[in-house]
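Counting starts at 1 for both ligands and their atoms, in listed order.
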Amino acid sequence: MAGKKLYHRGQICNLEIKDLAFEGKGIAKVETPEGQYIVFVPNTIPGQIVECRMVKVQRSYAEAKLIRIIEHSELEVEQNFASIPGAPYINLPIEKQRGYKEKTTIELFRRIGKIEGAEKLFDEYIESPRLLHYRNKMEYSFSAVYVEPNQDTFLDGFGLGFKKRGQWLAVENLLGDSGMFDAQFEDFLPKLSAWLQERDHTAWHPKKHTGFCRMLAVRKSFAQDQLLINFVSSSAELEQFDLEAFKQLFSEEFGARLGGLIHTINDDVGDRPNASDGERHLLLGKENVEEQIHGLRFEISVESFFQTNPASAELLYQKALDYVQEDKADSKPVILDLFAGTGTITQLLAKAVPTAEVIGVEIIPEAVEDAKRSAKANGLEKLKFFAADVGKFLLEHPQYQNRIHTLTLDPPRAGIAPKTLRKVIRLGAERIVYISCNPATQARDMQTLAEFGYSLKKFSLVDQFPHTAHIESVALFEKISH
Ligand SMILES: C[S@@+](CC[C@H](N)C(=O)[O-])C[C@H]1O[C@@H](n2cnc3c(N)ncnc32)[C@H](O)[C@@H]1O
């Protein structure tokens, strides 16, 4: 579009969503004398009419933030769950979600990854075994500024729920099960909120930095059907905080389901306190719960990294292992698992290919400690873990060059730093199994891999996060030039 811009930054407008691009970016098409002008509005569904605010305005397209849905789409089927920003597609039938995720990811691999015939390399789409209540972790905020569900008026008082979409100040009160986490826990939130208010406790005010109740971080173990709860407060009202009654409230509500109750006192004035920082008191039970994946046991704390949807993670890992094992994975002595987290894939590899030397590399020392502990508990003591940056590790360990048949990569959403990817390529592995929770960065890395002789053989998509725009991809690359 030439000439004057159609919108300006900050402008609020109503638009109809016509299509969906990768990562759930709804597309509105505005007819102009110069042709169609595109506005991307994340977290929307084709057929919806939405109110949104322009955040980036270019000559040929704009990006806007959803404020509210004015009219629902015919594609939506209303659910009885409390609506939360973290589940924008819960009303869209799962086959439709699948259709969009599949189509937009394949298109992304073609466009950004420069993979011709990407649809022919598509192996399979793996559904999440649980479509509802699949998450094993949730963090709720308290705030002295809140809105009631589906309302826009900011109120002063006591709010408990999730930050309202696009907001850092106000939370939207969560009055029950969102369909994403533990139903009993979310149904209990209004009771907890009332209990705290009856005792004159205040919620944290993000601007004034006053108040007592700050956040609730909760971890669920599906294997044990237990909850581990960390209540984070400031030190402001400790004198009137009735610990015994607080413990009783949780014990009575959850009984044997209460794996542990922690109280963390954190006076850090930052907007989002880290639930693991501060003075920590274990009030009931234990600091960890146990989760199981393919029969291996993992001890996890509220904060440690662990796949959010364990049932689906089992299928994701199985697919990665299938790709690793389908071609003489033990023909060379070493298997590397880079970006190993708490060592789940590393341990599964060690179990599946017992003849290989299996090494996991992860930058967070605490995660490596967790990995070592669970490997020991699982009887996989031959495994080696290094707490290091992948790039530095590869520089300091040239001895692995050309001794690797297959390596697995599972980087964070930002993908692999270009320099690090080159070091990985220099290792000369014959096959790379690249797992990604962000196919956009994986597509970018596909170009580099191709440039250095790795060709994409096939990929699968795993729906780890139903009702969100996210999709996980597992891709197998083989070295074609030696
Ligand atoms: C997606 S998680 C991998 C999780 C693991 N494979 C699992 O399934 O449990 C990515 C991991 O990469 C780690 N990481 C990020 N940058 C890194 C780097 N430069 N070197 C090593 N590890 C890094 C993060 O700490 C995180 O644990």
Enquirer: Below 30° counts as parallel, above 60° as perpendicular, anything between as tilted: where do the rings of F231 and F142 land?
Expert: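 Taking F142 first and then F231, their aromatic rings stand perpendicular (interplane angle over 60°).
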
Enquirer: Return the protein residues near ligand 1 (heavy atom under 4.0 Å from any of its atoms), ordered by chain and residue number.
Expert: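 Residue list for ligand 1: F305, Q307, Y317, F339, A340, G341, T344, I345, E362, I363, I364, A388, D389, V390, D410, P411, P412.
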
Enquirer: Can you find a heavy atom in the side chain of K25 that is under 4.5 Å from one in the side chain of P42?
Expert: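 They are in contact (side-chain heavy atoms under 4.5 Å apart), so the answer is yes.
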
Enquirer: Quick check against the 3.5 Å criterion: does Q447 have a side-chain atom that pairs as donor or acceptor with the backbone of I112?
Expert: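 Confirmed, Q447 side chain pairs with I112 backbone.
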
Enquirer: Which pairs of donor and acceptor atoms, one on a side chain in residues 221-229, lie under 3.5 Å apart (sequence neighbours left out)?
Expert:
from, atom 1, to, atom 2, distance (Å)
S221, OG, A223, N, 3.4
S221, OG, Q224, N, 2.9
S221, OG, E290, O, 2.6
Q224, OE1, E290, N, 2.8
D225, OD1, R257, NE, 3.3
D225, OD1, R257, NH2, 2.9
D225, OD2, R257, NE, 3.4
Q226, NE2, A256, O, 3.1

Enquirer: Strictly under 6.0 Å, is that where the ring centroids of Y454 and Y434 end up?
Expert: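 They do not qualify: ring centres at least 6.0 Å apart.
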
Enquirer: For this output row, return yes or no: ring centroids of F254 and F188 closer than 6.0 angstrom.
Expert: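 Ring-ring flag for F254/F188: true, centres closer than 6.0 Å.
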
